[in-house]
Amino acid sequence: MPQTRVPRPRAVARAPLEVRLSRAAIAAFAVFLMSRTFAHYLQAGVAHRFPALILATAVVALYVLAACTALSRRRRRWVMGAMALLVYAPLPLLGEWWAASGVFLAAAALGLLGRPYSLPAFVSVVFAEALKSMLLGDDLAEVMSWTLTVTVAAVLLAGLTHFAETARVLYTTRAELVSVMVAVQRARAMRELEGIVGSRLDAIAAQGHKVLADADGETETVKKELRRMLDVAREAQREMRGFLQQEQQFRSSTPRRRDGGQVQRSTTPPGAASNTTSTGGL
């Protein structure tokens, strides 16, 4: 009687180095862009200190979370709305030091929104930042300088976002191709196994007909033919068990990936388990 194997725990594959490095770069650059804002509001005696620190942390965390996860287009639009609210709503309360948060809205428009909305949204945010600079009392040179600063910083941050997304998509595509190749190899192996087992069963059937035809003959001849049938059946059983053992070892040694949507590996075909059960008594 065949023994039931306890499935081994499957290892979870980490994200590739390129994806992890790009996500770390996004987080580091985002913190750098808000570093002067954090430093200002960390000083003692600054008005609205704690709300500003909480809101600045929320802006950085929201962008990093949206840039490092695979969000749908609808959710990215919600992120854009929340980012716009965080950038412009506290501005009358927090003053000019809160202006740096506009870089994240411009980067979100360019890096998170898909075509054809990304470029018009980015241009709109840049114009809004120029208008905000004028409302804060800057002269023309300062307005141009701030607009250029927002544009360059947003392009860099959006570029890192696109790089992280491209690396994640390439890794996902590679994992899916590997999964398809494994499924094709398993299907081919099952066809080969079916041919081998079928030929053995045909041989057993032919010998069975021969035994029935010689049933009235000598006893030794009948025993000899039955032994041959048993040997063929045992050989087919060994081949089946060897194939299933290799399949189970392959499944237990293949890690699952984690990140943005999992690729499920195909399980052992139900026919293989039923064949093991049917040959277990030989």
Side-chain angles (χ1 to χ4, degrees), residues 15 19-114 117-118 120-133 135-136 138 146-147 149-165 167-168 258-260:
V19 176
R20 285 180 282 151
L21 286 178
S22 58
R23 291 173 177 176
I26 291 173
F29 191 56
V31 172
F32 169 75
L33 291 176
M34 290 294 285
S35 59
R36 294 185 63 187
T37 302
F38 279 116
H40 172 75
Y41 287 110
L42 282 173
Q43 297 176 3
V46 177
H48 311 294
R49 175 183 179 186
F50 292 105
L53 292 175
I54 294 174
L55 290 173
T57 304
V59 169
V60 174
L62 180 61
Y63 186 87
V64 172
L65 181 63
C68 296
T69 55
L71 298 178
S72 62
R73 290 186 177 181
R74 183 178 180 182
R75 291 186 177 180
R76 291 188 176 189
R77 292 173 184 174
W78 281 104
V79 169
M80 281 294 300
M83 186 71 71
L85 186 64
L86 288 173
V87 168
Y88 293 122
L91 187 61
L93 180 66
L94 301 180
E96 61 181 4
W97 281 98
W98 187 246
S101 60
V103 176
F104 293 91
L105 183 60
L110 194 60
L112 299 180
L113 291 181
Y117 306 105
S118 58
F122 174 73
V123 174
S124 300
V125 174
V126 170
F127 274 110
E129 289 299 310
L131 180 61
K132 179 177 70 176
S133 180
L135 292 177
L136 290 175
D138 295 338
W146 173 246
T147 304
T149 300
V150 170
T151 302
V152 173
V155 168
L156 291 176
L157 189 56
L160 290 174
T161 304
H162 280 295
F163 177 80
E165 179 66 15
R168 186 192 66 81
R258 178 185 59 190
D259 154 88

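Given the structure is predicted, the values throughout are model-derived calculations rather than measurements.
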[Y] backbone acceptor or donor facing [X] side chain under 3.5 Å:
{"X": "W146", "Y": "A130", "answer": "no"}
{"X": "R76", "Y": "A66", "answer": "no"}
{"X": "S133", "Y": "E129", "answer": "no"}
{"X": "Y63", "Y": "L105", "answer": "no"}
{"X": "H162", "Y": "L110", "answer": "yes"}

Residue that, paired with V60, satisfies side chain to side chain contact (heavy atoms under 4.5 Å, CB included) out of T37, V31, L65: V31
Mind listing the closest non-hydrogen atom pair of [X] and [Y] along with its distance?
{"X": "P92", "Y": "A89", "value": "CD-O, 3.3 Å"}
{"X": "F29", "Y": "L160", "value": "CB-CD1, 4.1 Å"}
{"X": "V87", "Y": "G102", "value": "CG1-CA, 3.8 Å"}
{"X": "V125", "Y": "A109", "value": "CG2-CB, 4.4 Å"}
{"X": "F104", "Y": "A30", "value": "CZ-O, 3.3 Å"}
{"X": "A52", "Y": "W98", "value": "O-CZ3, 3.9 Å"}

Does a side-chain heavy-atom distance below 4.5 Å link [X] with [Y]?
{"X": "Y117", "Y": "R77", "answer": "yes"}
{"X": "F38", "Y": "W97", "answer": "no"}
{"X": "M83", "Y": "V59", "answer": "yes"}

From [atom1] ([X]) to [atom2] ([Y]), nearest 0.5 Å:
{"X": "Y88", "Y": "L91", "atom1": "OH", "atom2": "CG", "value": "9.0 Å"}
{"X": "F127", "Y": "K132", "atom1": "CZ", "atom2": "NZ", "value": "15.5 Å"}
{"X": "L55", "Y": "M34", "atom1": "CG", "atom2": "CE", "value": "9.0 Å"}
{"X": "L157", "Y": "I26", "atom1": "CG", "atom2": "CD1", "value": "7.0 Å"}
{"X": "L42", "Y": "R49", "atom1": "CG", "atom2": "CZ", "value": "6.0 Å"}

F163 six-ring centre to R23 NZ/CZ under 6.0 Å and within 45° of normal: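 No, a cation-pi geometry is absent between R23 and F163.
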